Amino acid sequence: MELFCQSCYMPMVKPEDFGTEADGGVGQDYCCHCYQNGAFTEEQTFEEAVEGNIPFWKEEGDTSDDEARARIMAVFPTLKRWVN
């Protein structure tokens, strides 16, 4: 079963993809880019997260900022970090 970061939706496949908890253990909810040592690596708003992830989604095949933004907006509101 493939897991996805509950902040940025990055697939977490390899052990090094996963973030770390404060005790050094492997976290299960967030990737290594979003979560380290038991805390988020960046304090950002939902809107900042959406805009900041557009380039990564375009690398995965979206052809425009608007296309990437639309796909992100369909996913991010369902993720643990952004659900509230």
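Quantities reported herein were computed from a predicted structural model and do not represent experimental measurements.
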Checklist entry - Is there side-chain contact between T78 and V83, with heavy atoms separated by less than 4.5 Å? => result no

Item to check | Minimal non-hydrogen separation, N37 against T20, with atom names | outcome: N-OG1, 2.8 Å

Checklist outcome for this item: Sorted by chain and number, sequence neighbours left out, side-chain hydrogen bond (donor to acceptor under 3.5 Å, both in side chains) with T63 holds for E67

Checklist entry - Of all heavy-atom pairs between A68 and K58, which one has the smallest distance, and what is that distance? => result CB-CG, 4.0 Å

Checklist entry - Is there a side-chain contact between H33 and C8 (heavy atoms, below 4.5 Å)? => result no

Next on the checklist: How long is the straight-line distance from CG of D66 back to CE of M73, given to the nearest 0.5 Å?
Outcome noted: 12.5 Å

Next on the checklist: Is there a path of hydrophobic side-chain contacts, each under 4.5 Å between heavy atoms, that joins F18 and L79?
Outcome noted: no

Checklist entry - Does V13 share a hydrophobic cluster with L3, counting links as ILVMFWY side-chain heavy atoms below 4.5 Å and allowing steps through other members? => result no

Checklist entry - Can you name the closest pair of heavy atoms from C31 and M10 and give their distance? => result CB-CE, 3.9 Å

Next on the checklist: Under the ring pair (Phe, Tyr, Trp, His ring centres under 6.0 Å) definition, can you give me all pairs with a residue in residues 46-66, not counting sequence neighbours?
Outcome noted: F46-W82

Checklist entry - Taking only residues at least two apart or on different chains, which pairs with a member in residues 71-80 satisfy salt bridge (charged side-chain N to carboxylate O under 4.0 Å, His left out)? => result D29-K80, D62-R71

Checklist entry - Can you list the residues that meet the side-chain hydrogen bond (donor to acceptor under 3.5 Å, both in side chains) rule with Y35, with sequence neighbours excluded? => result E21

Checklist entry - Tell me the side-chain hydrogen bond (donor to acceptor under 3.5 Å, both in side chains) pairs involving residues 1-17, sequence neighbours left out? => result S7-R81

Next on the checklist: Give me each pair satisfying salt bridge (charged side-chain N to carboxylate O under 4.0 Å, His left out) with a member in residues 40-56, each pair once, sequence neighbours excluded.
Outcome noted: E51-R69

Checklist entry - How would you list, by chain and number, every residue that makes a side chain to side chain contact (heavy atoms under 4.5 Å, CB included) with T41, sequence neighbours excluded? => result Q36

